Q: 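Sharing a structure, written as structure tokens. Questions coming.
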Amino acid sequence: MSVTRVPTAKIALSTASVYPERTPDAFELASRLGYDGVEIMVGADPVSQDIDVLERLSDHYQLPILAVHAPCLLVTQRVWGKDPWAKLQRAQRAAERVGAKTVVVHPPFRWQRDYAREFEIGLARMRDETDVVFAVENMFPLKARGNEVVPYSPDWNPVDYDFPQVTLDLSHTAVSGSDAMEMFTKLGDRLAHLHLADGLGIANKDEHLVPGRGNQPCAPILERLAGNGYDGLVVLEINTRKAAGRSERMDDLNEALAFARRHLAAPAKAKTARSTGTAGANG
């Protein structure tokens, strides 16, 4: 008797994916469309910063908060204060309280010198104090007048550093011109979190396209994850700000979810086809 592996990875919606709608709208849309949960992008929206309100939204929509994205962007430098360690500690406490598995964090900016100097050691110390995973996200360099500027320290790319958990963002791999499949392979078991989006590789433009609309290996990576029994999170972090309205935004979010589910199930379908002798029946 053949046993088919059922994909175990949960698919979450980043609250950033509904902008310019707000955090409560992300819960509503994720619930309506059948996402497994949400990732909270802590940002300018006061609701995203308020754990009491987030817990009420989670209870109301019966939708778990599966990850917390710490406020690491330039535009969120003052959210939850200005001390970067205090931000991470607050993100950790928020994740513990809502039952989220992961805190997503960016590499430090170069001008955050003390923070950057202690980043690896400090994260290791925090990991010893909690079951929450701190997954460092790949970013990208900027290009100016033919030169490449790296605003992060130790680097925009955490793959070659000693971070035990990493977030792979497939829009950022497009901007950086990276080989996403090579990064994925190098990471191995260190890949704890996937930001699923697409991109065309336009310089300095972080597109966050619906997967399948760019040139990143979104489908092969999902299929490899399913085949490997990946049990981390797949988070749709796409840009819908140009959607003409709620209906078009829902279409994009639904298309993204369908893409993720289809390719996460592909290895299981292939095994079933082989076991029944139907592989290749449709060409």
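Just the heavy atoms: all of them, side chains too, but no hydrogens, waters or symmetry mates, feed the values below. As the structure is a prediction and not an experimental result, all values here were calculated from the model.
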Q: Pairs in or reaching into residues 93-115: which pass salt bridge (Lys or Arg N to Asp or Glu O under 4.0 Å), with residues at least two apart or in two chains?
A: D52-R97, E55-R97, D114-R117
Q: Please tell me if the side chains of F184 and R224 come closer than 4.5 Å, counting only heavy atoms from C-beta onward.
A: yes
Q: Evaluate the side chain to side chain contact (heavy atoms under 4.5 Å, CB included) criterion for residues R190 and V159: first the C-alpha distance (whole Å), next the side-chain angles of each, then the deciding distance (0.1 Å), finally the verdict.
A: CA-CA 9 Å; R190 293 196 298 142; V159 173; 4.2 Å; yes
Q: Nearest heavy-atom pair of A26 and L13: which atoms, and what distance?
A: O-CD2, 3.9 Å
Q: Give a yes or no on whether K143 atom NZ has more than 12 heavy-atom contacts from other residues, nucleotides or ligands under 6.0 Å away.
A: yes
Q: So V235 and L196, do their side chains get closer than 4.5 Å, heavy atoms only?
A: no
Q: Can you name the closest pair of heavy atoms from A30 and V38 and give their distance?
A: CB-CG1, 3.9 Å
Q: Determine which pairs satisfy side-chain hydrogen bond (donor to acceptor under 3.5 Å, both in side chains) with at least one residue from residues 68-90, sequence neighbours left out, and list them in order.
A: H69-H106, H69-E137
Q: We want to know whether D206 and S171 form a side-chain donor-acceptor pair, criterion being a heavy-atom distance below 3.5 angstrom.
A: yes
Q: With sequence neighbours excluded, tell me which residues meet side-chain contact (heavy atoms from CB on, under 4.5 Å) with P64.
A: L66
Q: Assess whether side chain to side chain contact (heavy atoms under 4.5 Å, CB included) is satisfied between L168 and N138, documenting all intermediate values.
A: CA-CA 6 Å; L168 181 62; N138 62 300; 3.9 Å; yes
Q: For L170 and L194, run side chain to side chain contact (heavy atoms under 4.5 Å, CB included): C-alpha distance rounded to whole Å, both residues' side-chain angles, the deciding distance at 0.1 Å, then the answer.
A: CA-CA 8 Å; L170 295 179; L194 179 69; 4.1 Å; yes
Q: Do V166 and Y161 pass the side chain to side chain contact (heavy atoms under 4.5 Å, CB included) test, and can you show the C-alpha distance, the side-chain angles, and the key distance before you say yes or no?
A: CA-CA 10 Å; V166 172; Y161 289 84; over 6 Å; no
Q: If you count every heavy atom of other residues, nucleotides or ligands that lies below 6.0 Å from D189 atom CG, does the total exceed 12?
A: no
Q: Taking only residues at least two apart or on different chains, which pairs with a member in residues 39-50 satisfy side-chain hydrogen bond (donor to acceptor under 3.5 Å, both in side chains)?
A: R22-D45, T23-D45, E39-H193, E39-H195
Q: Using a 4.5 Å cut-off on heavy atoms from C-beta on, say whether the side chain of E148 contacts that of L142.
A: no
Q: Treating Ile, Leu, Val, Met, Phe, Trp and Tyr as nodes and any side-chain heavy-atom pair under 4.5 angstrom as an edge, say whether M181 and L225 lie in one connected cluster.
A: yes
Q: Taking only residues two or more places apart in sequence, or in another chain, which ones meet E28 in a side-chain contact (heavy atoms from CB on, under 4.5 Å)?
A: D25, R32, Y61, R246
Q: Answer yes or no: is there an ion pair linking E255 with R213, defined by an N-O contact shorter than 4.0 Å?
A: yes
Q: Show every salt bridge (Lys or Arg N to Asp or Glu O under 4.0 Å) that has at least one partner inside residues 149-166, sequence neighbours left out.
A: D160-K186
Q: How about S17 and L253: do any of their side-chain heavy atoms sit closer than 4.5 Å?
A: yes
Q: So which heavy atom on L264 is nearest to which on V234, and how close?
A: CD1-CG2, 4.3 Å
Q: Could I get the full list of side-chain contact (heavy atoms from CB on, under 4.5 Å) partners for V105, not counting sequence neighbours?
A: C72, L88, Y115, F119, V136
Q: Where is the tightest heavy-atom contact between L236 and A260, given as atom of each residue plus distance?
A: CD2-CB, 4.2 Å
Q: How far apart are the closest heavy atoms of L29 and V18, and which atoms are they?
A: CD1-CG1, 3.9 Å
Q: Under the ring-ring contact (aromatic ring centres under 6.0 Å, His included) definition, can you give me all pairs with a residue in residues 11-56, not counting sequence neighbours?
A: none
Q: Applying side-chain hydrogen bond (donor to acceptor under 3.5 Å, both in side chains), name anything that partners T173, two or more places apart in sequence or on another chain.
A: Q216
Q: Side chains of L57 and V47, heavy atoms from C-beta outward: is any pair under 4.5 Å?
A: yes
Q: Among residues two or more places apart or on two chains, list those pairs meeting ring-ring contact (aromatic ring centres under 6.0 Å, His included) that have a residue in residues 199-229.
A: H172-H208
Q: Can you name the residues that form a side-chain hydrogen bond (donor to acceptor under 3.5 Å, both in side chains) with S178, not counting sequence neighbours?
A: S176
Q: So, do D198 and E207 sit near enough that their side-chain heavy atoms are less than 4.5 Å apart?
A: no
Q: Side-chain contact, heavy-atom cut-off 4.5 Å: L187 with T185?
A: no
Q: What's the shortest heavy-atom distance between A70 and V103, and which atoms?
A: CB-CG1, 4.3 Å
Q: Can you confirm whether V132 sits close enough to T102 that some side-chain heavy atom of one is under 4.5 Å from a side-chain heavy atom of the other?
A: no
Q: Please enumerate all residues that pass side-chain contact (heavy atoms from CB on, under 4.5 Å) together with A219, with sequence neighbours excluded.
A: E223, F259, H263
